[in-house]
2 protein chains.
Amino acid sequence: MPSQPRPVQEIKEVFALPQLKAVCSNCSLRELCLPLGLTAEEMDALDRTIHQRIPVKRGATLFRAGDSFRSIYAVRTGFFKTCVSAEDGREQVTGFHMSGELIGLDAIGVERHGCDAVALEDCEVCELPFARLESLARDIPALTRHFYKLMSREIVRDQGVMLLLGNMRAEERLAVFLLNLSQRLAARGFSSTGFHLRMTREEIGSYLGLKLETVSRAFSKFQADGLLKVQNKYVELLDPVGLKNLLGGCASLQGQ
Amino acid sequence: MPSQPRPVQEIKEVFALPQLKAVCSNCSLRELCLPLGLTAEEMDALDRTIHQRIPVKRGATLFRAGDSFRSIYAVRTGFFKTCVSAEDGREQVTGFHMSGELIGLDAIGVERHGCDAVALEDCEVCELPFARLESLARDIPALTRHFYKLMSREIVRDQGVMLLLGNMRAEERLAVFLLNLSQRLAARGFSSTGFHLRMTREEIGSYLGLKLETVSRAFSKFQADGLLKVQNKYVELLDPVGLKNLLGGCASLQGQ
DNA sequence: CGGCAACTTGATCAGGGTCAACAATAGTGG
DNA sequence: CCACTATTGTTGACCCTGATCAAGTTGCCG
């Protein structure tokens, strides 16, 4: 499935209305996303570097591993997965990304994307051309710093996943996953206890280093223990504290 | 074991000789380390931001998780491990770091180190105070860009580890580990086929998500298969190609 | 030389992978 | 709107990889 054809930039230049131009300043995500901590003027400048909001249909790829790197993308609405694959077809989901989170940071180093980014539902992203972002950051120290922070946070997040993959048992992994999701949804004003999973059991399994059957069994176990109710993709956490207790004290499940 | 007392800066100010000041420009690692791609003048400026070379004794910690973040460190000589720990004591080695590699990038976001850095042999590091580095980078675009690259590369490296931990079997993991080590040593002018491991079986196991017995068994198996010769910490790769073939084509073992 | 940490190897066990059958759901086209 | 099909999810039975437990060896450092 090819990625959605992108509205060419000229269209924006011609038809752009004032309220369309001021992307970040009006965005409900500005406290979570890149603009965090910028002044009004700085945010205006950032707005001008944003090409356009791009719709990405469910199942479409925003970019693929190997694509040459031009832009970072901020998720505005919807839900993405990123995954790396080995030559033999083995696939590893490296992250799930929701609104306000940036995708593509791993590509800066080699100027080529190292993973695929796939929309798990109909999405909208803000494209941030890296060259412009870089020159803008030269004038706005706060932006550079925030950018450092976001990259650094990604590293911390990955370390948490490594701890999970290296040390935890199946049920612990799923508990961490659910609690993390819950927390991120809460930060966006959604319910932290009832939510729809956008990904399949197989994708959860890939992310957690488990097979889909194991994920399914762990869900059933949690349900039998009264920790949650699961019906299909809808999950209701009945006892978040009980879930946390499963971990015997692993608070390193922050990050995005 | 507390980290080595650090020579206070005044000592440098008073006794610094010209050849001690020009740290990076004379450093054999400048093609691997932070200065890569800088002009002579830019490198001079970078030299001035470097506090001092700090010796770290074997077993000492350079920093601990929770320490407030001041500096990034470049390994000049020696070998470090970084590890995160959960509250219940579970420890995960997140990386091994050799000369020319930077440690501490994960701390930028939260201004607090997220892992311990422990010297596995007597080491020397260059301390790069982040505040100075940041203001210097404002004047040297190439430095900023290179800094982005290094952070981004760290993210890519972590993704590779996630693939390893999520998908690979014990022997594959050890093969990836050995080939990666071999490659990094080669990049530094050391033999790519014969080398001393600086870490214990347990540390290798922690990094690879395996128990030390499993690591030991995998070594024995490789030796029985004629892939390598191992005596204690000394390893000689007899058949690197054979090792690679074990992987059925996972080239994603780059990174540091 | 003694004491301790690190390593090796064997025996046993269990967590989770694999294979398989089936059920439920969502997406498709008439 | 409904029927049909493909995808996704659930559950069971069995097996294998790697964990665990244990004993003994080697090498290192004081």
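When reading the values below, keep in mind they use all heavy atoms of this one structure, side chains included, and skip hydrogens, waters and symmetry mates. Numbered from 1 within each chain, the chains take letters A, B, ... in sequence-line order.
Residue-level contact check: A/Leu212 touches the bases, meaning some heavy atom is under 4.0 Å from a base atom. Among the heavy atoms of the strands lying under 4.0 Å from A/Gly209 are primed sugar atoms or P, OP1, OP2 only; no base atom is included. Looking at heavy-atom distances under 4.0 Å, A/Arg169 makes contact with sugar-phosphate atoms alone, never a base.
In this entry the distance linking NE2 of B/His196 with P of C/dA6 reads 17 Å, nearest Å. Atom CZ in A/Arg198 sits about 16 Å away from atom P in D/dT8, given to the nearest Å. What separates CE of A/Met168 from P of C/dG16 is a distance of 13 Å, to the nearest Å. Summarising the geometry, the separation between CG on B/Leu210 and P on C/dC7 is reported as 15 Å, rounded to the nearest angstrom. C/dG16 atom C1' lies 14 Å from atom NZ of A/Lys221, rounded to whole Å. Distance A/Asn167 CG to D/dT20 P: 10 Å, rounded to the nearest Å. Rounded to an integer number of Å, the gap from B/Gln231 CD to D/dT26 P is 12 Å. Put simply, CD on A/Glu172 is 12 Å from P on C/dG15, counting in whole angstrom units.
One finds a side-chain N or O of A/Arg58 lying less than 4.0 angstrom from the OP1 or OP2 phosphate oxygen of C/dG27. Not one side-chain nitrogen or oxygen of B/Arg217 sits closer than 4.0 Å to the OP1 or OP2 atom of C/dT9. Taking only side-chain nitrogens and oxygens, B/Lys233 comes nearer than 4.0 Å to OP1 or OP2 of C/dC7. Note on A/Ser216: every side-chain N or O is 4.0 Å or more away from OP1 and OP2 of D/dT11. Put simply, A/Ser220 has a side-chain N or O that comes within less than 4.0 Å of OP1 or OP2 on D/dT11. Applying the 4.0 Å criterion to OP1 and OP2 of D/dG18, one finds that B/Thr214 has every side-chain N and O outside that range.
Checking side-chain atoms of B/Gln92 against main-chain N and O of B/Ser206 turns up a donor-acceptor pair under 3.5 Å. Between the side chain of A/Arg201 and the backbone N or O of A/Leu212 there is no donor-acceptor pair closer than 3.5 Å.
Checked for salt-bridge contact, B/Arg188 and B/Glu101 meet the test: a charged N lies under 4.0 Å from a carboxylate O.
Positionally, the nearest nucleotide of DNA chain C for A/Arg173 lies more toward the 5' end than for the other of A/Asn232 and A/Arg173.
Partner of A/Glu121 under the side chain to side chain donor-acceptor pair (under 3.5 Å) criterion, chosen from A/His196, A/Arg198, A/Lys57: A/Arg198. Applying side chain to side chain contact (heavy atoms under 4.5 Å, CB included) to B/Ile204 and the options B/Thr214, B/Leu178, B/Val93, B/Leu197 leaves one that passes, B/Leu197.
Picking from C/dG16, D/dT20, C/dA20 the nucleotide with the shortest atom distance to the side chain of B/Glu213 gives D/dT20.
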